[in-house]
Structure formats: structure tokens, C-alpha cells
Amino acid sequence: MDPRDTAPDSWEQEEDVKARAAAGLQSALAALNVNAKPFIPNVDAAVFVPTFLQSSPTEISNSDGHDANVFCGIASPVENGGGTEADMAVEVETWEQKEEPGEGEPGGGGALGGEGGSSEEAQGREEVEMMEEEEEEELPVLKVIPLPPNAPKKEHVNVVFIGHVDAGKSTIGGQIMYLTGMVEKRTLEKYEREAKEKNRETWYLSWALDTNQEERDKGKTVEVGRAYFETEKKHFTILDAPGHKSFVPNMIGGASQADLAVLVISARKGEFETGFEKGGQTREHAMLAKTAGVKHLIILVNKMDDPTVNWSLERYEECKEKLVPFLKKVGFNPKKDIYFMPCSGLTGANLKDPIEECTWYMGLPFIPHLDSLPSFNRITDGPVRLPIVDKYKDMGTVILGKLESGSIAKAQQLVMMPNRHTVEVLSLLSDEVETDEAVPGENLKLRLKGIEEEEILPGFILCNAENLCHSGRTFDAQIVIIEHKSIICPGYNAVLHIHTCIEEVQITALICLVDKKTGEKSKTRPRFVKQDQVCIARLRCAGTICLETFKDFPQMGRFTLRDEGKTIAIGKVLKLVPEKD
């Protein structure tokens with residue numbers, strides 16, 4: 001038989017099945033006894049009575065059968081959040097059993113009995129809806145707090161969480177979001193169930209920031225997680241940096257957007273020592289944060305509730321004594337720039353409220369302390385400078401970045417450097433909230449017109465046309481060699497990290513050595529430099545990059561040199577060398 005002849009038959013069969021199901025549903029609805037008592041809503045049960053039925057409960061009993069069906073159809077979405085007549089019938093059955101177990105008329109019973117098939121369908125639909133909901137809930141939906149129209153804009157502060165792998169950075173971030181009401185309890189309970197299934201009960205809080213499946217499976221942050229929370233005076237953006245040494249470039253990108261760093265260390269026996277030893281990320285991250293321009297550092301001594309520590313003052317002081325000399329060497333002032341506090345990320349102790357176990361700590365808990373910090377000085381009237389962190393396509397070209405100086409408004413004309421593309425700002429989002437104008441310090445999402453997503457790279461700068469940023473390939477810089485086994489000579493290649501830009505660079509010439517104590521420059525050119533020396537050198541990039549001198553614009557004049565997965569040197573740009581034609 002020709003297969004073409006069989007196809008229409010199966011379609012007719014499908015139509016017959018649908019028609020029979022529709023006819024069955026119609027007859028079941030027609031069989032509903034409108035006058036039956038179980039269908040009159042119980043007025044005392046406030047939850048189940050829609051507002052428009054409360055005023056006229058007699059309307060249903062007096063109307064004819066057709067109207068009642070229509071009425072049921074209208075009422076059910078209000079009660080059940082989008083159910084059908086079948087769903088309502090199932091619910092009515094449960095009310096009847098609860099309210100009047102002794103009563104029940106044959107008509108009502110027959111109608112409910114005849115709807116067995118449709119109730120099964122309803123259950124099936126409910127299961128499918130639940131599964132869909134669970135799939136949708138994979139990513140935590142952050143609450144966006146709408147501001148009153150006349151409210152003054154809160155100061156934006158970007159906080160980066162840094163520290164050794166497994167110190168508890170993501171867990172503390174997740175706990176803060178829960179304590180400030182940015183993540184619902186229901187979402188966290190779901191994460192807790194899923195984490196228990198994987199025998200990782202203590203990881204569930206970190207899943208609020210580690211949304212990637214790979215990050216959740218391994219328990220390691222890879223990309224910089226973003227979230228935000230608000231206090232009475234300030235609006236905070238959390239930047240959750242990865243602690244693993246393989247992902248230090250990502251951490252540098254996160255630190256370059258931060259105003260304030262939180263160094264998380266583990267007080268657990270052995271864990272603090274591992275992170276602080278040579279090669280541990282506690283040292284490297286603190287140094288990179290300072291290089292990225294972070295002025296204020298809060299050290300959270302985490303896992304104080306651990307049985308090996310048990311809120312011990314001795315262990316807390318031991319960690320403090322080891323860290324302070326190192327942080328001083330990096331360039332932080334122990335009296336002004338550093339603040340220590342104990343906490344527990346898993347239990348949330350000393351993050352929002354003070355705790356009884358820790359009698360010796362007299363300071364403010366973490367969130368109130370953040371709120372009490374003095375305001376940061378921002379250059380609002382300076383030139384527009386927005387280093388681009390990331391870009392993607394979404395109904396146009398969207399870029400992400402932190403506004404370093406100047407202000408940006410909707411429909412403003414800007415220039416993308418170093419390509420010199422003129423672009424227009426179509427829309428402006430500050431932490432997922434649409435706004436008409438942005439000031440320095442805000443993390444922005446901009447939708448641009450006049451440029452394709454492929455034409456943008458992370459590290460490009462958005463400027464105003466009147467005051468473009470400098471771009472070039474060759475520059476002179478002062479460099480401090482931090483860690484390098486052998487000597488560094490002209491011709492040495494490394495990877496340059498400057499603001500959000502990553503580029504290959506070569507040291508083309510060593511100009512002079514600088515004395516660390518006196519700042520005096522040597523008269524002769526050095527042939528090489530080695531660890532712990534300071535020198536002025538000429539560097540040449542593989543491609544054109546945007547940069548400024550440290551004196552003119554500190555945020556875009558600091559850089560880090562890395563090679564073979566280690567931070568070799570930190571430096572600042574002294575002079576831009578024009579290209580020879």
C-alpha cells in the first residue's frame with residue numbers, strides 16, 4: 001500500500017480522538033448539578049472566595065447551567081492561578097469532603113464521579129507545570145527593589161570578595177544575599193535539597209552566586225559572579241572572584257571594577273596556612289587588589305564556628321599577626337586601610353547581627369560596618385571613561401562595565417576607543433534597573449547603536465568625543481619585580497593586565513633602576529633586573545590598547561605583568577611614547 005494513502009487516515013484518527021475527548025468534557029460539564037450544595041463557596045473560608053463572589057453568593061444558584069459553567073471558568077483563574085474547570089472540580093471535591101462529609105446529592109456526586117479522566121489530566125498538567133517551574137528556577141532571580149520616584153540616589157559601592165580557594169567567598173556572598181532579602185528562602189531550600197543529593201550540603205549558599213553547572217559540580221567559582229544588595233544608605237554590588245590559581249585573570253578583571261575588597265580567610269587549622277604560604281592565593285589576591293586600585297580592605301576571618309576553632313581569640317589573633325606585616329609590605333596602611341572581623345559564612349554569624357558566642361569582638365557586624373564606611377570621592381565632572389568588561393548581543397549590542405569617571409545619559413553620543421566608532425546609548429541599566437543617567441562607581445549595562453558586537457573587545461574604552469582617552473602600543477612604566485626566579489632582560493615577554501584589558505607585552509628596554517628607600521634613579525642603564533628590584537622600563541604591546549598615565553588617571557594607569565600562571569610584576573604608566581611613522 002502506498003504510504004501516502006496511510007497518512008491522512010492517522011490525522012483523521014487524531015481528530016476523532018480530540019473530538020471524542022471534547023464531547024466527553026462537554027457532557028461532563030453539562031452533567032454538573034448547579035444547585036448542588038457542594039458548589040456554593042464557603043464564605044468563612046477567606047482563601048477560597050474570590051472578591052467579586054463575596055457580595056452576591058446567590059447569583060450562582062439562581063442562574064441557569066450555561067451561565068454557571070461560564071462563571072466557573074471565570075472564577076477559577078482567580079482561585080487557582082490559571083486552572084481550568086476540571087481543576088476546579090477536583091478542588092471542589094476536596095472541599096466537599098472537608099466541609100460536609102455527611103451530605104451530598106446524587107447529581108453532584110455523579111458529576112464528580114464522571115470527571116475522573118479530566119482530573120487525571122489536570123494532575124498530569126500540574127506535574128508538567130511543576131517540572132517546568134523547577135527548570136525555570138535553576139537560576140536565582142534577584143529581586144529588583146523599585147525606588148520611590150523622589151528618593152535620593154544611594155551611593156554605589158562595588159565589593160570584590162577575594163581569597164584562597166575554599167575560603168568561603170561564594171558562601172558568604174550567598175548568605176549576605178539571603179540576609180538582605182535578595183534571594184528567597186524557597187530558592188535556597190531548593191538548592192539545599194539538590195546539594196544534599198550530591199552529598200554537598202554545605203555548598204548550597206554558594207549556588208546563589210555560582211550559577212554555572214560546572215561551578216556547582218566542582219564547587220569552584222570560575223567566572224566573577226555578580227549580585228547586589230542594599231542597606232539603608234548604600235547600594236552594593238557583590239563581585240565574587242574565583243580563588244583558584246588557574247582563574248587569576250578573571251579575578252583581576254573583577255578587582256579592577258571594585259572600590260572595596262573583602263579578603264576572606266579560613267580560620268580552620270591547616271586551611272589558613274595553605275592559603276598564606278608561598279603560592280597560596282591569599283597573598284597574591286591581596287597584592288593584586290592593591291594593584292587594581294582597591295584602597296580599603298576588610299579581612300573576614302571565616303569558619304570561626306569550626307570545631308577546630310570554636311570562636312577562639314587565640315586563633316583569630318594568630319591569623320591577624322601573620323597577615324598584618326604582609327599587607328603592610330603590599331602597601332596597605334594597617335591603621336587606616338585594614339579592618340579585621342570574625343564571622344561564619346555557613347551560619348551567617350556576625351554578618352548582619354552580633355552573636356553571643358563571640359564575646360571578645362566588640363565591633364560592628366559585617367553589613368552594618370559596610371554601611372558605616374565613609375563615602376568614596378568620585379570625579380563626576382571629569383571625562384567619560386567606561387572600560388568594557390564584557391559584551392553580547394541582545395536586541396542590539398550590549399556592553400557591561402563600571403563607569404570610572406564622568407556621567408552617561410540616555411541618547412548620548414560617545415566614542416568607542418581605540419577603534420574610534422561613534423555610538424549612541426539606546427538604554428542604560430544600573431544593576432538591572434533602568435535609569436536615565438549614571439554616575440561614577442555604577443556597574444552598567446548599555447545597549448548601543450552604531451556598532452556591532454563583533455567590533456568590540458573587553459578592554460575597549462567608551463569616552464566622550466570632546467576628551468578621548470589615549471591609545472598606543474609603547475609606553476614607559478615603573479615596575480616592581482615581585483616574584484621571578486631568574487633575571488629579566490630586554491626582550492622578555494609577559495601578559496599585561498591593565499584595567500579590563502589583557503594583552504601580550506614585551507620589555508624592549510630597561511632605562512634605569514630605582515632605589516626602593518630613597519627613590520633615586522641610577523645613572524647607568526641596567527643590563528637586567530631581578531626579584532624585589534624596582535626599575536623604569538619601556539614596554540611594547542602586541543596590539544593597540546587604551547591607557548592613561550598614572551598621574552592623570554590612576555584607574556587606567558596601573559597594571560600587572562603575569563607569566564606562567566604567576567604574577568611577576570606590578571607597575572604604573574609614567575609616559576606614553578608616540579608611534580613612529
Side-chain angles (χ1 to χ4, degrees), residues 159-169 171-172 241 243-245 248 251 255 258 260-292 294-347 349-351 354-370 372-373 480 482-483 516-517 531-532 566-567 570:
V159 184
V160 67
F161 282 81
I162 56 174
H164 193 66
V165 66
D166 283 342
K169 299 180 290 297
T171 301
I172 288 174
H244 201 276
K245 64 172 182 249
V248 169
M251 176 264 155
L260 172 75
V262 177
L263 178 63
V264 181
I265 58 171
S266 169
R268 193 183 277 167
K269 285 271 190 291
E271 280 191 14
F272 167 71
E273 285 74 12
T274 310
F276 191 64
E277 279 169 10
K278 222 170 187 179
Q281 262 49 59
T282 304
R283 283 170 174 264
E284 189 174 13
H285 280 201
M287 186 184 62
L288 289 170
K290 183 66 184 170
T291 313
V294 172
K295 293 181 182 70
H296 196 85
L297 186 72
I298 296 173
I299 295 101
L300 277 183
V301 185
N302 190 23
K303 305 190 186 180
M304 289 295 287
D305 60 328
D306 191 78
T308 62
V309 182
N310 205 9
W311 298 97
S312 153
L313 177 61
E314 288 76 30
R315 178 65 173 162
Y316 175 76
E317 287 296 336
E318 183 190 336
C319 297
K320 203 170 163 179
E321 279 166 19
K322 285 183 181 173
L323 267 172
V324 169
F326 170 72
L327 294 172
K328 198 173 174 183
K329 186 181 158 193
V330 167
F332 289 103
N333 181 340
K335 287 174 186 168
K336 290 182 194 167
D337 306 339
I338 301 173
Y339 190 85
F340 283 82
M341 64 172 75
C343 78
S344 164
L346 190 62
T347 61
N350 208 36
L351 288 179
I355 43 148
E356 295 157 13
E357 290 100 325
C358 189
T359 49
W360 43 266
Y361 177 70
M362 307 309 287
L364 285 169
F366 180 63
I367 296 170
H369 176 75
L370 284 182
S372 67
L373 289 172
V480 183
I482 288 159
E483 186 186 349
K516 267 188 170 180
K517 287 174 185 169
Q531 193 167 318
D532 292 332
K566 290 194 188 79
T567 300
I570 56 174

A.B. asks: Nearest heavy-atom pair of Pro354 and Pro365: which atoms, and what distance?
C.D. replies: N-CG, 3.5 Å
A.B. asks: About how many Å separate CD1 of Ile162 and CG of Leu300, when rounded to the nearest 0.5 Å?
C.D. replies: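 If we round to the nearest 0.5 Å, Leu300:CG and Ile162:CD1 are 11.0 Å apart.
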A.B. asks: Taking the side chain as C-beta and beyond, is there a heavy-atom pair between Asn350 and Cys358 under 4.5 Å?
C.D. replies: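 They are not in side-chain contact.
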A.B. asks: Provide the closest heavy-atom pair for Trp311 versus Trp360 in the form atom of the first, atom of the second, distance.
C.D. replies: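 Answer, listing the atom of Trp311 first, then Trp360: O-NE1, 3.1 Å.
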A.B. asks: Closer than 3.5 angstrom, by distance alone: can the side chain of Asn302 be matched with the main-chain N or O of Val264 as a donor-acceptor pair?
C.D. replies: no
A.B. asks: Under the side-chain hydrogen bond (donor to acceptor under 3.5 Å, both in side chains) rule, collect the residues that match up with Glu483, sequence neighbours excluded.
C.D. replies: none
A.B. asks: Give the minimum heavy-atom separation between Leu263 and Gly163, together with the two atoms involved.
C.D. replies: CD1-CA, 3.9 Å
A.B. asks: Measuring from atom CG of Leu313 to atom CE of Met304, what distance do you get when rounded to the nearest 0.5 angstrom?
C.D. replies: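 The distance works out to 8.0 Å.
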A.B. asks: First locate atom NZ of Lys329, then atom CE of Met287, and finally report the distance between them rounded to the nearest 0.5 Å.
C.D. replies: 9.5 Å
A.B. asks: Which residues satisfy the ring pair (Phe, Tyr, Trp, His ring centres under 6.0 Å) test with Phe366, sequence neighbours excluded?
C.D. replies: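 If we apply the ring pair (Phe, Tyr, Trp, His ring centres under 6.0 Å) test to Phe366, skipping adjacent residues, there are no hits.
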A.B. asks: Short question: side chain of His369, backbone of Leu364 - any donor-acceptor pair under 3.5 Å?
C.D. replies: no
A.B. asks: To the nearest 0.5 Å, what is the distance between CD1 (Ile482) and CD (Glu284)?
C.D. replies: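 These two atoms lie 9.0 Å from each other.
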A.B. asks: Walk me through it: do Ile299 and Leu327 pass the test side-chain contact (heavy atoms from CB on, under 4.5 Å)?
C.D. replies: CA-CA 11 Å; Ile299 295 101; Leu327 294 172; 3.7 Å; yes
A.B. asks: Carefully, step by step, assess Lys516 and Asp532 under the rule side-chain contact (heavy atoms from CB on, under 4.5 Å).
C.D. replies: CA-CA 9 Å; Lys516 267 188 170 180; Asp532 292 332; 4.1 Å; yes
A.B. asks: Using a 3.5 Å distance criterion without hydrogens, assess whether the side chain of Glu321 forms a donor-acceptor pair with backbone atoms of Glu318.
C.D. replies: no
A.B. asks: Which pair of non-hydrogen atoms, one from Ala267 and one from Val309, has the smallest distance, and what is that distance?
C.D. replies: O-CG2, 3.3 Å
A.B. asks: Could you walk me through whether Val165 and Gln281 satisfy the side-chain contact (heavy atoms from CB on, under 4.5 Å) test, starting with their C-alpha distance in whole Å, then the side-chain angles of each, then the deciding distance to 0.1 Å, before giving a yes or no?
C.D. replies: CA-CA 7 Å; Val165 66; Gln281 262 49 59; 6.0 Å; no
A.B. asks: For the CZ atom of Arg283 and the CG atom of Leu323, what is their distance to the nearest 0.5 Å?
C.D. replies: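 One finds 9.0 Å between CZ of Arg283 and CG of Leu323.
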A.B. asks: Tell me the closest heavy-atom pair linking Lys169 and His164, and the distance in Å.
C.D. replies: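 Heavy-atom minimum between the residues: NZ-O, 2.9 Å.
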A.B. asks: Would you name the heavy atoms of His296 and Leu260 that are closest together and state the gap between them?
C.D. replies: CD2-CD1, 3.4 Å
A.B. asks: Show me the donor-acceptor pairs within less than 3.5 Å that the side chains of residues 330-347 make with the rest of the protein, sequence neighbours left out.
C.D. replies:
| residue | atom | partner | partner atom | Å |
| --- | --- | --- | --- | --- |
| Asn333 | OD1 | Lys335 | N | 3.0 |
| Asp337 | OD2 | Asn333 | N | 2.9 |
| Tyr339 | OH | Tyr361 | OH | 3.3 |
| Ser344 | OG | Asp305 | OD1 | 3.1 |
| Ser344 | OG | Asp305 | OD2 | 3.2 |
| Ser344 | OG | Thr347 | N | 3.4 |
| Ser344 | OG | Thr347 | OG1 | 2.8 |
| Thr347 | OG1 | Ala349 | N | 3.4 |

A.B. asks: Taking the side chain as every heavy atom from C-beta outward, state whether Lys322 and Phe272 have any pair of such atoms under 4.5 Å apart.
C.D. replies: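 Yes, at least one pair of side-chain atoms sits under 4.5 Å.
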A.B. asks: Give the C-alpha distance, both sets of side-chain angles, the deciding distance and a yes or no for side-chain contact (heavy atoms from CB on, under 4.5 Å) between Leu370 and Ile298.
C.D. replies: CA-CA 9 Å; Leu370 284 182; Ile298 296 173; 3.6 Å; yes
A.B. asks: For the atom pair CZ (Arg315) and NZ (Lys303), what is the distance rounded to the nearest 0.5 Å?
C.D. replies: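 It comes to 11.5 Å.
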